[in-house]
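Computation of the quantities below employed the complete heavy-atom set of this structure, encompassing side-chain atoms and omitting hydrogens, waters and symmetry-equivalent molecules. The chains referred to below are lettered A, B, ... by the order of the sequence lines, with proteins before strands, and numbering in each begins at 1.
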Number of protein chains: 2
Amino acid sequence: MNNSKGLLIILSGPSGAGKDTVLKELLAHNDKVRVSISATTRQPRQGEENGRDYHFISREQFETLIQRDGVLEYAEYCGNFYGTPRAQVEAWLDEGLDVVLEIEVQGAKKVMAKCPEAVSVFILPPSFAVLEKRLRRRATDSEEAVQKRLAAARGEILQAADYDYMVVNDALEDCVSDLEAVLQGEKCRSARAGNLIEEVLKNE
Amino acid sequence: MNNSKGLLIILSGPSGAGKDTVLKELLAHNDKVRVSISATTRQPRQGEENGRDYHFISREQFETLIQRDGVLEYAEYCGNFYGTPRAQVEAWLDEGLDVVLEIEVQGAKKVMAKCPEAVSVFILPPSFAVLEKRLRRRATDSEEAVQKRLAAARGEILQAADYDYMVVNDALEDCVSDLEAVLQGEKCRSARAGNLIEEVLKNE
């Protein structure tokens, strides 16, 4: 509403839930939304680009960031660090832009604890069978990796109730519409209204 | 989302905030929304119709309703009873329809306490000056009545923060869009998701 600061949005969901596609659609229709680029120590996958998909940095660089309180959260996952550099996120929020953190469950919970004003959204697949089908379509992963991701997905989905919202990604269009409604609705929350009542009454 | 029960929506706001116009627009674009018709013991104003604007009933009839637990809430306001008959509201919710209760602040707080799952929305005027202008345009009210309404409005606006959401009615279209987003977003709340997670995992 008339709150000048943007919304901090935590977006999670298992591999294969379609977070990337949903985000791409959200960004295509909303020029006031930014996506935080995570930093990671893992190797880039084919087609991934430094500074677009992730900031690919060394373990040493990551540890320096941590020491300087330069990450909003970080977690170790499958032997690699993943984290959210703080400075860019805060600059965008101050500009009134909404900032999406696409992070996994461990990191999400840390941000929820640290930033209670954040809005957390979990993207669910319509069913586990659909999730498995989507994961198997990725040619880049070995069978072992698929099994690992499925087990991880189940564990993550069981934690979806800890998020403020759950949005099912069955029809992409409906999923994006729900996500947009969540953001627009959250901006009308009384808890975010600041001094709106005083503003309305001041011309009395 | 996949919750079969409808949303119970508490809608308040001072006279002149434009609740009726906002509601009319909401209904025009959403065929799954119903508005509860309040019962009142006050006299109909010019143009008001029994069963459309209110159920105009006698004090005796109202007291009988209260005794039979047939009102969701009731309050006395300017010497008259106003209340929400329970049966129709619950039938609509069970059908999966969203039901709007357009009620004043006293009654709203009673419903909030009794129905914690209800979504409460306060419609604000863009400024108190605009509110006064809108109220004075009503030819039906005497100056004394206008002054009474302005004093009541100030008191009500000061309680807006007790509602889940505040929506400003400046441009009607934006106000209705915000209200629709609030409803769509609320349906994605994890707290309303029922057994969605189990549903997603059951085909595993």
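No more than 12 heavy atoms of other residues, nucleotides or ligands shown are found within 6.0 angstrom of OH on Y74(A). R68(A) CZ: 12 or fewer foreign heavy atoms inside a 6.0 Å radius. Within a 6.0 Å sphere centred on CZ of R59(B), heavy atoms belonging to other residues, nucleotides or ligands number more than 12. Dense packing is recorded around CD of E143(B), with more than 12 heavy atoms of other residues, nucleotides or ligands lying under 6.0 Å away.
Here the CE-SG distance, from M166(B) to C188(A), works out to 10.5 Å after rounding to the nearest 0.5 Å. Rounding to the nearest 0.5 angstrom, the gap separating the CZ atom in R154(A) from the CD1 atom in I197(B) is 11.0 Å.
With contacts defined as side-chain heavy-atom distances shorter than 4.5 Å, the pair D178(B)/K187(A) does not qualify.
What you find for S190(A) and A160(B) is that their closest heavy atoms are OG-O, 3.9 Å. When all heavy atoms of Y165(A) and G185(B) are compared, the pair lying nearest together is CE2-O, 3.3 Å.
Using a 4.5 Å cut-off between heavy atoms, S120(A) does not touch chain B at all. For chain A, the nearby parts of I157(B) are the backbone and the side chain; heavy atoms of each come within less than 4.5 Å.
Listed by chain and number, the residues in a side chain to side chain donor-acceptor pair (under 3.5 Å) with R134(A) amount to none (sequence neighbours excluded).
Panel note: side chain S127(B), backbone V200(A); no donor-acceptor pair is recorded below 3.5 Å.
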